[in-house]
Amino acid sequence: MLDLSVAQLFADPPSHLGKMVRLKGWVRTRRDSKAGISFIHLSDGSCFDSAQVVVANTVSNYASEIQKLTASCAVIAEGEIVASQGKGQSVEMIATSVEVVGWVEDPDTYPISPKAHSFEYLREVAHLRPRTNTFGAIGRVRHCLAMAVHRFFSERGFCWIHTPIVTGSDCEGAGQMFRVSTLDLANLPRTPEGKVDFSQDFFGKETHLTVSGQLNVETWCMALSKVYTFGPTFRAENSNTSRHLSEFWMIEPEIAFASLIEDAQLAEDLLKYMFKALLNERPSDMKFFADRIDKECITRLERLVDSPFERMDYTAGIRHLEAAIAKGHKFEYPVSWGTDLQSEHERYLTEQLVGRPVILMNYPKDIKAFYMRMNDDGKTVAAMDILAPGIGEIVGGSQREERLDMLDKRIDEMKLDRAAYWWYRDLRRYGTVPHAGFGLGFERTLIYATGMTNVRDVIPFARTPKSCDF
RNA sequence: UCCCUCGUAGCUCAAUGGUAGAGCGGGCGGCUGUUAACCGCCAGGUUACUGGUUCGAGUCCAGUCGGGGGAGCCA
């Protein structure tokens, strides 16, 4: 008896005709024919489609068990693969036995019915939502894209660097951090000055969850040349939007002997590689997203893969926005050189002006981070954001300031503490080279690819302000 | 954190300040090589919570909690 996944069955249906096989999975639907036949749709998550198992009343447990099967009962079915007499599937199993491994104890209260549920509701039953069509597809697409990321970098000679999750540096920059501590909150040790005595904490100092692997991965870039991180990242911001999670996954490559030009090209190549892999490897999942979630999602990816990204200087972007205003376009917020773009401005550029992702480059120094490389004009830094229609910023990156004197100047201007960055500054003292990198938000990439509208629905278990169930 | 909005059966949603309903799902029965099957019957409710106005509140008011959308922050 051959154990088969549903994916294996449908990968080459003719090759299984006439064979006795075993399928294991969960019941999606059961339809009875009182002529003495039941049809079970069996899903094992290995692919989008479920397999039809035909069970005749000659099977010993037909009346006692088969006819009592409801959605999500776990079963092991054995039988012969035959050409289907019905429509909707090429082959099916004629079962010789169906063993019920796990019952649904009260079908009346089973939270997932074969009908449409709202995504908001399904978040409340996140432990069961993987059993739905949408979240099964999300799980497979997420895996496919993650593997594509690793393949892309590995094929190009990058090393995956496991940067730390717990960080002792309070200088990572972006955003509020989660504290990591084993101190007794009800009985905090104090210094003579009355402050919390972190020297008694687990690591002997204040520690937090990382908000970015970038500073750490730069150190390995200065030795292995081409490196990347891919792991979870934590932000304690009180952000309540469809694009923010408190715990999310980010891909951060860093390349030595490279400028912003190569950095932008790397980001474009990565996104195209990921989406090409998705279209090739998960066609039936993508067809589902196109049918039920966003009918544009496949054509959007095909168009992206086939055409070069638009590249535009921040300064040119401002001119385009001013031209739009002159032609009568109304924005809620004013546009002027030197200010950060509002969501509505980014939307206009990527959705209306270009209609594709836009790489916006060379931003004013005052709205960007201290480590970004100063351009020769003294006003802008070699930063880039990739803006995607419907999402906004999907990539944020820059060429890094490799000149110690320039870096120190920026640290001072921003009133940061040089000493806190001692090891980061060391990289500029010992064999510094021009280098660049970026961060790609994995969940934002997923919503762009699938047409899902909320990052909470493309991660298995969402962590957001006031919400950390499961 | 700010603005807007929503919270009714397991789920999706109705209900002018006046007896809380439908579809799906579930149970039972009928019918059929079925495909989100179909037909009939039955069960299923502290209307998020607390307080208030009123003869009477799912409905109006206040507060709390939670969800969603948008903004800010960012990926």
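The chains referred to below are lettered A, B, ... by the order of the sequence lines, with proteins before strands, and numbering in each begins at 1.
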Fit a plane to each ring of A/W160 and A/H162, take the angle between them on a 0 to 90° scale, and name the class: parallel (under 30°), tilted (30 to 60°) or perpendicular (over 60°).
-> perpendicular
Quantified in whole Å, what is the P atom distance between nucleotide B/C60 and nucleotide B/U8?
-> 15 Å
Within the structure shown, what part of the strands sits under 4.0 Å from A/S242 by heavy-atom distance: base, sugar-phosphate, or nothing?
-> sugar-phosphate
Select one nucleotide: of B/G69, B/C74, B/A37, the one nearest the side-chain heavy atoms of A/T29.
-> B/A37
Applying the 3.5 Å cut-off to both distances, the Watson-Crick or G-U partner of B/C41 turns out to be B/G27
Parallel, tilted or perpendicular: which describes the rings of A/F153 and A/F158, with under 30° parallel and over 60° perpendicular?
-> tilted
Could you tell me whether the phosphate oxygens of B/G67, OP1 or OP2, come under 4.0 Å of any side-chain nitrogen or oxygen in A/N240?
-> no
Can you tell me the pairing partner of B/A57 across any strand shown, Watson-Crick or G-U wobble, with both distances under 3.5 angstrom?
-> none
Could a donor-acceptor pair under 3.5 angstrom be found where the side chain of A/E120 meets the base of B/G69?
-> no
Picking from B/A71, B/G33, B/C11, which would you name as closest to the side chain of A/I94?
-> B/G33
Nearest to the side chain of A/E393, which nucleotide is it out of B/G33, B/G67, B/A75?
-> B/A75
Which listed nucleotide (B/G33, B/C74, B/G68) is nearest to the side chain of A/V54?
-> B/G33
Are OP1 or OP2 of B/U34 and a side-chain N or O of A/R30 less than 4.0 angstrom apart?
-> no
Interatomic distance at C1', B/U16 relative to B/U12, whole Å = 24 Å
So what does A/Q52 hit on the nucleic acid, given a heavy-atom distance under 4.0 Å: a base, only sugar-phosphate, or nothing?
-> base
Check every strand shown and say whether A/V455 touches a base, only sugar-phosphate, or nothing at a heavy-atom separation below 4.0 Å.
-> nothing
Is the ring centre of A/Y110 under 5.5 Å from the base ring centre of B/G25, and are the two planes under 30° apart, so that they stack?
-> no
Does A/R123 have a side-chain nitrogen or oxygen under 4.0 Å from the phosphate oxygens OP1 or OP2 of B/G68?
-> yes
What pair of heavy atoms forms the shortest contact from A/L260 to A/Q399, and how long is it?
-> N-OE1, 3.1 Å
Contact under 4.0 Å: A/S212 side-chain N or O vs B/A75 OP1/OP2 | no
Considering just the side-chain nitrogens and oxygens of A/R129, establish if one lies under 4.0 Å of OP1 or OP2 belonging to B/C11.
-> no
Atom CD of A/Q176 and atom C1' of B/G72 are separated, to the nearest Å, by 14 Å
Taken to the nearest whole Å, CG/A/L341 to C1'/B/C73 is 15 Å
Which of B/A75, B/U35, B/G69 is nearest the side chain of A/R235? It is B/A75
Consider the side chain of A/K466, meaning its heavy atoms from C-beta on, and name the nucleotide among B/G69, B/G66, B/G33 that approaches it most closely.
-> B/G66
What integer number of Å spans the P atoms of B/A71 and B/U35?
-> 45 Å
What distance, rounded to whole Å, do you find between the two C1' atoms, one in B/G10 and one in B/G45?
-> 12 Å
Sticking with atom C1', work out how far B/A62 lies from B/A22, rounded to a whole angstrom.
-> 33 Å
Would you classify A/I394 as touching base, sugar-phosphate or nothing, given that sugar-phosphate means primed atoms plus P, OP1 and OP2, and contacts are heavy atoms under 4.0 Å?
-> sugar-phosphate
If the C1' atom of B/C24 is compared with that of B/G52, how far apart are they to the nearest Å?
-> 38 Å
Nearest-Å distance, CZ (A/F39) to C1' (B/A36)?
-> 16 Å
For A/R292, answer base if it contacts any base atom (sugar-phosphate contacts may also be present), sugar-phosphate if it contacts only those atoms, and nothing otherwise; contact means non-hydrogen atoms under 4.0 Å.
-> nothing
Closest nucleotide of RNA chain B for A/Y333 versus for A/T70: which of these residues is on the 5' side?
-> A/T70
Rounded distance in Å between the C1' positions of B/C6 and B/G58 | 14 Å
N/O donor-acceptor pair, side chain A/H244 with base B/C74, under 3.5 angstrom | yes
Salt bridge or not for A/R156 and A/D269, using N-O below 4.0 Å?
-> no
Examine B/A71: is either OP1 or OP2 under 4.0 Å from a nitrogen or oxygen in the side chain of A/R347? Give yes or no.
-> yes
Go ahead and name the base partner of B/G63; Watson-Crick or wobble counts if both distances stay under 3.5 Å, otherwise write none.
-> B/C49
Atom-to-atom span, CG of A/L245 to P of B/C73 - whole angstrom = 18 Å
Might you point out which heavy atoms bring A/P460 and A/R129 nearest each other, and give the distance in Å?
-> O-NH2, 3.0 Å
For A/R444 and A/H41, take the nucleotide of RNA chain B holding the closest heavy atom to each; which residue's nucleotide lies nearer the 5' end?
-> A/H41
State yes or no: are the ring centers of A/Y421 and A/Y371 separated by less than 6.0 Å?
-> no
Interatomic distance where CZ belongs to A/F119 and P belongs to B/C11 [whole Å] | 17 Å
Under 3.5 Å: donor-acceptor pair, side chain of A/T210, backbone of A/T167 = no
Heavy-atom donor-acceptor pair, A/Y110 side chain to A/E105 backbone, under 3.5 Å = no
Rounded distance in Å between the C1' positions of B/G69 and B/A9 = 27 Å
For A/T241, report the nucleic acid contact type (base, sugar-phosphate, nothing); a contact means any heavy atom under 4.0 Å.
-> base
Under a 3.5 Å limit on both distances, the Watson-Crick or wobble mate of B/A20 is none
Look at all strands and tell whether A/Y121 reaches a base, only sugar-phosphate, or nothing, counting heavy atoms closer than 4.0 Å.
-> sugar-phosphate
Assign A/Q214 to base, sugar-phosphate, or nothing according to its heavy-atom contacts below 4.0 angstrom with the strands shown.
-> nothing
Should A/Q342 be listed as having a side-chain N or O under 4.0 Å from OP1 or OP2 of B/G72?
-> yes
Compare side-chain N and O positions of A/S239 against OP1 and OP2 of B/C73 and report whether any pair is under 4.0 Å apart.
-> no
Using both distances under 3.5 Å as the test, list the Watson-Crick or G-U wobble partner of B/U35, or none.
-> none
Considering just the side-chain nitrogens and oxygens of A/R31, establish if one lies under 4.0 Å of OP1 or OP2 belonging to B/A37.
-> yes
Winner on side-chain proximity to A/S84, out of B/C74, B/G69, B/U34, is B/U34
Yes or no on ring pair (Phe, Tyr, Trp, His ring centres under 6.0 Å) for A/F331 and A/H329, after CA distance, side-chain angles and deciding distance?
-> CA-CA 7 Å; A/F331 291 113; A/H329 195 99; 4.6 Å; yes
